[in-house]
Amino acid sequence: MLWRSVVGKVWGTILLLVSVVLVILTILLLQFFEQFHITEAEEQLTNHANAIVSVLEEYERPPESLDTVEKIAGSYNTSVVIMQNDEKWESEKNDEADVHLPLSLFEEDERLTSVQEERAEIITHGDFPTEENGEEIHNEIFVVGMPFESINGEEGSLYLYQSLEIIEDTTGETKQIILLSAGIAIILTTVFAFFLSTRITAPLRKMRQLALNVSKGDFETRVPILTNDEIGQLGNAFNKMRRELNRSIMALNQEKEQLSRILSSMADGVITIDRKGAIVVTNPPAHRFLQAYYYDSGIADANDRLPKEVKKLFQKVVAIEQEQLTEMDVQGRSYVVLMTPLYDGEFVRGVVAVIRDMTEERQHDKLRKDFIANVSHELRTPISMLQGYSEAIIDDIAGSEEEKKEIGQIIYDESLRMGRLVNELLDIARMEAGHIQLEKDWIDFHAFSDKIYKKFQGLARDAEVIMTLDKQGTQRLVYIDPDRIEQVMTNLVHNAIRHTSEHGTVKIIVITNQSGITVEIKDTGSGIPEEDLPNVFERFYKADKARTRENGGTGLGLAIAKNIVEAHDGEISAHSKWQEGTTFRFHLPKSAYDNQ
């Protein structure tokens with residue numbers, strides 16, 4: 001609205017100020033001119049009366065000078081009454097003199113009789129009512145009364161009167177001129193005030209629009225400086241503020257990007273939580289920790305909800321405003337959560353939680369000790385069998401050729417098993433040393449997935465397991481080592497079928513998009529115990545050693561799969577619940593092959 005804007009306020013202020021001044025000035029001028037006209041009329045009547053008295057004093061009788069007196073009175077639209085002794089004379093009625101007073105009024109009115117009785121000069125004006133056709137008429141009359149003495153010494157009285165309507169007409173014309181002038185002045189003031197206010201507020205409106213643009217992130221537009229007054233100085237200050245704000249925003253963005261890079265590259269998880277307990281910032285390790293917790297807790301729609309242990313720790317940190325530490329196990333992995341308060345002055349505005357996966361550190365010594373034991377265990381069994389059956393041949397326990405062939409076949413199978421174990425040990429040693437050789441090529445990953453699916457259809461049918469393939473996405477061509485990725489998928493699918501009971505399901509999900517390749521192998525099998533889940537990608541891991549040995553496994557397949565995926569700059573993970581199933585997922589990012 002206009003009245004809420006600066007234009008309306010400046011315009012209204014100027015208009016109100018000028019209007020008040022003009023009203024006061026008009027009132028004063030009207031009073032002045034009204035008094036001026038009355039004073040002027042008084043002087044004129046007095047001068048005319050003096051002139052008539054001079055004429056009357058030159059004659060013995062008033063009638064002798066009446067013609068001259070009437071001419072003088074008529075020229076000024078006045079009426080004359082002359083009284084001498086008991087005689088009365090009055091001028092003839094003048095058409096221009098619209099008021100005619102009866103002669104009796106001059107003998108009866110106290111204001112007028114003082115001229116005759118006291119020989120005093122009077123000047124008065126007021127209401128002198130007359131009767132006309134039986135009706136009383138009020139008249140505003142201006143009367144000048146003067147005594148005179150004729151040349152023969154006789155005294156008389158002269159009354160010269162005039163209607164105030166003439167003065168009022170003159171005053172009315174003056175009032176119209178003054179009011180017209182005041183109206184014109186107000187109109188001109190309105191136009192001038194509106195023009196001035198718009199000139200003043202135009203730069204302000206421009207700065208308002210630029211301020212809105214700055215709030216939207218536009219720091220390039222500057223305010224044009226057209227004057228050197230206060231508005232020009234305000235524009236200079238605004239431009240300086242814009243430059244400083246732009247510099248500060250750029251510095252904040254750089255710091256934010258630097259902090260984001262630092263958080264993304266950290267091995268530890270970082271979660272920033274506000275005072276209300278809502279998650280503000282997480283880095284990838286922290287996100288993986290939360291996803292593992294949601295999966296472990298069976299939470300489908302998490303909405304960035306804090307784990308219960310972390311929430312309790314958060315409440316404690318906010319309450320006592322001190323650093324706190326807790327440990328928790330998620331999906332078989334051990335995490336240490338260190339939480340520190342964040343201050344806004346003296347007020348705790350939130351906390352930052354650092355989540356460190358201590359599983360590898362705590363199990364490092366155990367795995368180092370178990371490695372020798374596992375290798376010894378894996379080699380001891382085939383060596384013992386080779387030794388035992390060799391002794392049987394030497395001692396001629398196998399009497400028939402059929403028994404000898406059977407013993408020879410067992411010795412051959414165990415030697416093959418030892419060879420596989422040694423080859424896989426050599427492969428994983430080369431991979432961990434960074435000497436893995438990848439023979440990459442462009443392949444159609446959907447067709448590649450069909451090949452793997454058809455490869456295990458027979459095994460799934462024999463195990464009475466339902467296996468499905470779900471292919472999603474249109475980005476089919478990928479640049480990978482097909483043999484190595486086939487080795488990964490073969491290991492994962494084979495394990496899923498082997499550990500799934502009859503009538504269970506194994507689902508292969510392949511997603512190809514702009515970010516890369518994601519493959520999920522889901523089964524409804526026995527699952528992996530929570531305490532064993534962190535070790536699935538370690539060497540010689542066997543959840544069921546007897547069953548694994550029965551199927552010829554060495555416990556190195558998942559460790560090799562992990563190294564192959566990481567050689568493609570990818571990630572592999574496992575989620576499982578005991579007796580509910582297992583999901584293996586690996587992702588090969590597009591960055592690993594988009595520049596090929």
Side-chain angles (χ1 to χ4, degrees), residues 260-261 264-265 283-285 287-288 291 295 423-424 427-428 430-461 465-498 500 505-523 536-537 556-576 581-596:
S260 176
R261 297 289 184 182
S264 299
S265 61
N283 66 342
H287 182 71
R288 289 193 293 269
Q291 292 300 318
Y295 182 88
N423 289 333
E424 289 180 352
D427 283 344
I428 197 169
R430 284 195 299 268
M431 291 177 184
E432 292 179 350
H435 300 308
I436 184 173
Q437 298 292 329
L438 298 179
E439 301 294 334
K440 292 186 177 182
D441 194 8
W442 288 99
I443 66 168
D444 185 340
F445 202 79
H446 284 189
F448 177 79
S449 303
D450 291 334
K451 173 184 173 183
I452 302 297
Y453 174 72
K454 293 176 182 178
K455 177 180 177 180
F456 285 96
Q457 276 185 331
L459 180 62
R461 187 167 48 251
V465 172
I466 301 173
M467 186 173 65
T468 61
L469 174 62
D470 182 9
K471 296 177 290 184
Q472 303 175 15
T474 58
Q475 192 74 20
R476 302 175 61 165
L477 290 178
V478 295
Y479 192 72
I480 59 174
D481 185 337
D483 293 335
R484 292 292 188 179
I485 299 301
E486 181 178 356
Q487 184 179 357
V488 173
M489 295 188 66
T490 297
N491 185 282
L492 297 179
V493 176
H494 187 236
N495 284 346
I497 296 174
R498 188 172 58 181
T500 301
T505 60
V506 173
K507 188 173 183 179
I508 305 172
I509 302 175
V510 176
I511 303 173
T512 57
N513 50 36
Q514 295 296 328
S515 64
I517 311 165
T518 301
V519 178
E520 292 186 359
I521 312 296
K522 295 184 177 181
D523 65 64
V536 294
F537 295 108
L556 296 174
L558 291 178
I560 293 174
K562 178 182 179 182
N563 282 276
I564 292 174
V565 171
E566 291 179 349
H568 284 79
D569 297 328
E571 296 179 347
I572 187 170
S573 61
H575 298 287
S576 179
T582 303
T583 299
F584 280 91
R585 179 187 297 108
F586 70 88
H587 175 73
L588 305 180
K590 185 181 178 183
S591 59
Y593 56 83
D594 58 357
N595 293 324
Q596 301 295 329

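Keep in mind it's a predicted model, so treat the numbers as computed, not measured.
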Q.
If you apply the rule side-chain contact (heavy atoms from CB on, under 4.5 Å), what do you find for E571 with F586, and how did you get there?
A. CA-CA 5 Å; E571 296 179 347; F586 70 88; over 6 Å; no

Q. Checking side-chain contact (heavy atoms from CB on, under 4.5 Å) against N495, which of L558, T490, V506, T582 comes through?
A.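 For N495, the side-chain contact (heavy atoms from CB on, under 4.5 Å) check succeeds only for L558.
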
Q) Knowing that exactly one of I517, I572, D569 qualifies, which makes a side-chain contact (heavy atoms from CB on, under 4.5 Å) with L588? A)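 Of the listed residues I517, I572, D569, the side-chain contact (heavy atoms from CB on, under 4.5 Å) partner of L588 is I517.
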
Pairwise distance [atom1]([X]) to [atom2]([Y]) - rounded to 0.5 angstrom:
X	Y	atom1	atom2	answer
S576	Y295	OG	OH	6.0 Å
I485	I480	CD1	CD1	5.0 Å
F584	I521	CZ	CD1	10.0 Å
L459	I497	CG	CD1	4.5 Å
R585	I511	CZ	CD1	8.5 Å
T468	K522	OG1	NZ	10.0 Å

Taking C-beta and beyond as the side chain, do [X] and [Y] meet within less than 4.5 Å on heavy atoms?
X	Y	answer
I509	K507	yes
L469	V510	yes
D483	E439	no

Minimal non-hydrogen separation, [X] against [Y], with atom names:
X	Y	answer
M467	A460	CB-CB, 4.1 Å
V478	F445	CG2-CD1, 3.7 Å
S264	N283	N-CB, 4.5 Å
Q472	H446	O-NE2, 3.7 Å
T500	V465	O-CG2, 3.8 Å
A559	N563	O-ND2, 2.7 Å

**Q.** Sidechain N-carboxylate O distance under 4.0 Å for E486, K451
**A.**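 Counted as a salt bridge, because a side-chain N and a carboxylate O are separated by less than 4.0 Å.
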
Q | Side-chain ion pair, K440 and D481, N-O less than 4.0 Å | A | no

Q) After noting the C-alpha distance and the side-chain angles of M489 and V519, does the key distance pass the side-chain contact (heavy atoms from CB on, under 4.5 Å) rule? A) CA-CA 9 Å; M489 295 188 66; V519 178; 4.1 Å; yes

(Q) Between H575 and T583, does the side chain to side chain donor-acceptor pair (under 3.5 Å) criterion hold? Intermediate values first, please. (A) CA-CA 5 Å; H575 298 287; T583 299; over 6 Å; no

Q. Hey, is the main chain of Q475 close enough, under 3.5 Å, to the side chain of T512 for a donor-acceptor pair?
A. yes

Q. Where do I452 and D450 land on the side-chain contact (heavy atoms from CB on, under 4.5 Å) test, with the steps shown first?
A. CA-CA 5 Å; I452 302 297; D450 291 334; over 6 Å; no

Q. Between K471 and S449, do the side chains contain an N or O donor and an N or O acceptor separated by less than 3.5 Å?
A.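 Short answer, no.
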
**Q.** Audit row: V565, V488, side-chain contact (heavy atoms from CB on, under 4.5 Å) steps and yes/no
**A.** CA-CA 8 Å; V565 171; V488 173; 4.1 Å; yes

Q. Residues two or more places apart in sequence or in another chain: which of them pass salt bridge (Lys or Arg N to Asp or Glu O under 4.0 Å) with D441?
A. none

Q. Near K455 NZ, under 6.0 Å, is it more than 12 heavy atoms from other residues, nucleotides or ligands?
A.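 Yes, because the 6.0 Å sphere around NZ of K455 holds more than 12 heavy atoms from other groups.
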
